[in-house]
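This report concerns only the one structure given below.
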Amino acid sequence: PCKTRGFCQFMPCRQGNPMGDCQNEDLRVDFDSRLKLKFVGSQVTSDAGLLAYRELDEALGLTEMGADVLTDSRQGRNKQHQLVPLLRQSIYSRLAGYEDVNDAERLCVDPTMRHVVGGRASQPEKQAASTSEVGRFETGILSTKSNLTALMNLSGRWIDNVHRRRPLKELILDLDSSVSETYGRQQGTAYNGHFECLCYHPLFLFNRHGDLESAMLRRGNKASAKYWRNVLLPVIERYRHLSIPKFFRGDAAFAIPALYRVLEKEGYRYAVRLKSNAVLERGIEHLLTRPVGRPSHKPKVFFHSFQYQAKSWQRARRVVAKIEWHAGELFPRVGFIVTNLRKHSKNVVKFYNGRGTAEQWIKEGKNAVKWTKLSCRTFKDNQTRLQLFALAYNLGNFLRRLALPKPVRHWSLTTLREKLIKIGAKVTRHSKYVSFQLAEVAVTRSLFAAILDRIARLALPPPVLVSARPT
């Protein structure tokens, strides 16, 4: 007998009914006898908004890059699905909020998923990859050393493709770490004293538009700045040819002399927070005395700039201090920033505070695409899953910043998933066409059309072939 019988009875029927249509009697409800409930998996979808993301993917040529950089190790003629359709299924399922590979058992018959995946899955009476096929693809093919390296670099290639349509005027990089809680005996899990849990400790590098330039999974007990070179240096190399202003921001964990030297050598302006110490506090000693007079309800804020050289530094650098006196507090709030910016001290602090957006993007990655869902046993498989989550996040962020009209440009990735991706639709197949009849609730036809129009403008025109004139 099947040990998973209790679970299998809730999954779409695959034998004798390859399209997932239910052959049982209609369900009824007592509050209204006129209602009948039908479950027809191949005729109705709840993720029709993925079609807009697939259109953006096609316009920018994103997932097609997988065929150029990834290697398919499968041999023989038993490949039901090619590499690129499998890569699309792994990315789009995560983008729609299906972070578990087991979800492929239902998604394989979903009409939207079948058409965004393309290839064999989009043909009549066919399906997308099953749970076992997706699992073998992610843990067997993508997790090889060469493919994992290519997958880690694929986000950067995607972003470069976007920049060919929308050239950069300045580059701002934000480096930050986060936490991904682990459960059981997952390889690489360790207790982290800062987060007070067993976890992985991934490192993320964003640009000013929220695109995830690079991501790296690390063991849970690694320091926040560990392996910063592996994440930052390849991105610096990619942008080295651009003659634009370049900036870097990081918290106190990245107050490392070697990092300063790299940034200064590459021509980057930076603002990195410093931990307070006695020498730094002596530099602002004249501002640590409470201002005279009646305390105001608004905080009194002071800025000061001075030169400082730590023992591990080869030379002195500029440090900007911010001192805040709040009503009802006995001591001031003090923060220090090491920088090579030539701005006024107040503007240096304002620039540094902009790195808070990176923390917001990390939260969006956790909430919208659930990239902390790293449930594989081996570390390399979880590294692979993190890179797939990063690609799904970037595809979602590209649509948000490139294709959304102004009235909805403030929508977060979570809002886009709930309002745009989760559009219900009835699917009708004709001899020449497949029609999606979309529900017009949160997203109207005019809004969806505006999104498609903006995507169409991003497509590069086909190259013009100039024939040689006869001599």
Task: Rounded distance [0.5 Å steps], CD1 in Ile91 versus CG in Leu86 - done: 11.0 Å
Open item on the list: Using only atom types and a distance under 3.5 Å, with no angle test, would you say the side chain of Arg269 pairs donor to acceptor with the backbone of Asn340?
Closed with: yes
Open item on the list: Within this structure, what is the CH2-CG distance for the pair Trp228 and Leu175, rounded to the nearest 0.5 Å?
Closed with: 9.5 Å
Open item on the list: Check this for me: does any side-chain nitrogen of one of Glu58 and Arg54 sit under 4.0 Å from a carboxylate oxygen of the other?
Closed with: yes
TODO: Kindly indicate, with the supporting measurements, whether the criterion side-chain hydrogen bond (donor to acceptor under 3.5 Å, both in side chains) is fulfilled by Glu364 and Gln360.
DONE: CA-CA 6 Å; Glu364 285 208 331; Gln360 181 63 34; 4.7 Å; no
- [ ] For the pair Thr131 (side chain) and Glu105 (backbone), establish whether a donor and an acceptor sit closer than 3.5 Å, ignoring hydrogens and angles.
- [x] yes
- [ ] Compare every heavy atom of Arg454 with every heavy atom of Pro405, then report the nearest pair and how far apart it is.
- [x] CA-NE, 3.6 Å
Open item on the list: Regarding Glu138 and Arg94, does a basic nitrogen lie under 4.0 Å from an acidic carboxylate oxygen?
Closed with: yes
Open item on the list: Run Arg166 and Leu458 through side chain to side chain contact (heavy atoms under 4.5 Å, CB included) and show every step you take.
Closed with: CA-CA 9 Å; Arg166 298 283 180 86; Leu458 295 171; 3.9 Å; yes
Task: Carboxylate-amine/guanidinium contact Arg240 Glu237, below 4.0 Å - done: yes
TODO: Identify the two heavy atoms, one from Ala48 and one from Thr112, that lie closest to each other, and give their separation to 0.1 Å.
DONE: CA-OG1, 3.6 Å
Task: Check: Lys366/Ser178 side-chain N/O donor and acceptor closer than 3.5 Å - done: yes
Task: Donor-acceptor under 3.5 Å (Arg385 side chain, Glu99 main chain) - done: yes
- [ ] Spell out, as yes or no, whether a donor-acceptor pair under 3.5 Å connects the side chain of Thr444 to the backbone of Glu440.
- [x] no
Open item on the list: Is it the case that over 12 heavy atoms from other parts of the model lie below 6.0 angstrom from the CZ atom of Arg457?
Closed with: yes
- [ ] For residues Leu374 and Asn382, report the shortest heavy-atom separation together with the two atoms involved.
- [x] C-OD1, 3.2 Å
Task: Whether over 12 other heavy atoms sit under 6.0 Å from Arg401 CZ - done: yes
Task: Between CG on residue Asp57 and CG on residue Leu399, distance to nearest 0.5 Å - done: 11.0 Å
Open item on the list: For the CG atom of Leu263 and the CZ atom of Phe248, what is their distance to the nearest 0.5 Å?
Closed with: 6.0 Å
TODO: Take Tyr352 and Thr339, measure what side chain to side chain contact (heavy atoms under 4.5 Å, CB included) needs, and give me the verdict at the end.
DONE: CA-CA 10 Å; Tyr352 173 80; Thr339 182; over 6 Å; no
Open item on the list: Aromatic contact between Phe247 and Phe351, with the criterion being ring centroids under 6.0 Å apart: yes or no?
Closed with: yes
Task: Min side-chain heavy-atom separation Asp176-Phe204 under 4.5 Å - done: no
Open item on the list: Please determine whether a side-chain nitrogen of the Lys or Arg among Asp251 and Arg273 lies less than 4.0 Å from a carboxylate oxygen of the Asp or Glu.
Closed with: no
- [ ] Answer yes or no: is there a side-chain heavy-atom contact under 4.5 Å between Arg120 and Gln82?
- [x] no
Open item on the list: Just so I know, are the side chains of Trp361 and Leu413 near enough to count as touching, which here means a heavy-atom distance under 4.5 Å?
Closed with: no
Open item on the list: Using modelled atom types and a 3.5 Å cut-off, is there a donor and acceptor pairing between side-chain atoms of Arg429 and backbone atoms of Val434?
Closed with: no
Open item on the list: Keeping Ser180 on the side-chain end and Thr372 on the backbone end, is there a donor-acceptor pair under 3.5 Å?
Closed with: yes
Open item on the list: Give me the atom names and distance for the closest heavy-atom approach of Asn147 to Leu142.
Closed with: CB-O, 3.5 Å
Open item on the list: Set out, in order, the CA-CA distance, both residues' side-chain angles and the distance that settles side chain to side chain contact (heavy atoms under 4.5 Å, CB included) for Ser93 and Asp103, then state yes or no.
Closed with: CA-CA 8 Å; Ser93 59; Asp103 295 322; over 6 Å; no
Task: Ile172 backbone acceptor or donor facing Arg249 side chain under 3.5 Å - done: no
Task: Thr149 vs Ser146, side-chain hydrogen bond (donor to acceptor under 3.5 Å, both in side chains): CA-CA, chis, key distance, verdict - done: CA-CA 5 Å; Thr149 301; Ser146 59; over 6 Å; no
TODO: Give a yes or no on whether the ring-centroid distance for Tyr393 and Trp371 is below 6.0 angstrom.
DONE: yes
TODO: Evaluate the side chain to side chain contact (heavy atoms under 4.5 Å, CB included) criterion for residues Asn230 and Leu203: first the C-alpha distance (whole Å), next the side-chain angles of each, then the deciding distance (0.1 Å), finally the verdict.
DONE: CA-CA 10 Å; Asn230 301 55; Leu203 189 60; over 6 Å; no
- [ ] Flag the pair Gln127 / Gln80 as yes when at least one side-chain heavy-atom distance between them is below 4.5 Å, and no otherwise.
- [x] no
Task: Side chain to side chain, Val179 and Asn192, heavy atoms closer than 4.5 Å - done: no
Task: Short side-chain to backbone donor-acceptor contact, Trp158 and Leu62, under 3.5 Å - done: yes
Task: Which atom of Tyr191 lies closest to which atom of Leu198, heavy atoms considered - done: N-CD2, 3.5 Å
- [ ] Mark yes or no for whether Lys370, through its side chain, and Tyr98, through its backbone, hold a donor-acceptor pair below 3.5 Å.
- [x] no
Task: Side-chain heavy atoms of Leu50 within contact of Met113, under 4.5 Å - done: yes
Open item on the list: Classify the ring geometry of Phe379 against Tyr200: parallel below 30°, tilted from 30° to 60°, perpendicular beyond 60°.
Closed with: perpendicular
Task: Electrostatic pair Glu170-Arg208, nearest N-O below 4.0 angstrom - done: yes
- [ ] May I have the step-by-step check of side-chain hydrogen bond (donor to acceptor under 3.5 Å, both in side chains) for Asp110 and Thr45, ending in yes or no?
- [x] CA-CA 6 Å; Asp110 182 82; Thr45 177; 3.1 Å; yes
Open item on the list: Nearest 0.5 angstrom please: Phe389 CZ to Lys373 NZ, how far?
Closed with: 8.5 Å
Open item on the list: Side chains of Gln387 and Leu154, heavy atoms from C-beta outward: is any pair under 4.5 Å?
Closed with: no
Please table the atom pairs, donor to acceptor, closer than 3.5 Å between any side-chain atom in residues 212-220 and protein atoms at least two apart or in another chain.
residue, atom, partner, partner atom, Å
Glu213, OE1, Arg238, NH1, 2.8
Glu213, OE1, Arg238, NH2, 3.0
Glu213, OE1, Tyr239, OH, 3.3
Glu213, OE2, Asn207, ND2, 3.0
Glu213, OE2, Tyr239, OH, 2.5
Arg218, NE, His201, O, 2.7
Arg218, NH1, Ala223, O, 3.1
Arg218, NH1, Ser224, O, 2.9
Arg218, NH1, Lys226, O, 2.7
Arg218, NH2, His201, O, 3.1
Arg218, NH2, Ser224, O, 3.3

Task: Ring center gap for Tyr92 and Tyr53 short of 6.0 angstrom - done: no
Open item on the list: Any heavy-atom pair between the side chains of Phe137 and Gln89 that's under 4.5 Å?
Closed with: no
Task: Minimum heavy-atom distance Glu133-Ser130, with the two atoms named - done: OE1-N, 2.7 Å
Task: Straight-line distance of Asn394 CG to His209 NE2, nearest 0.5 Å - done: 12.5 Å
Task: Tyr227, OH: over 12 other non-hydrogen atoms inside 6.0 angstrom - done: no
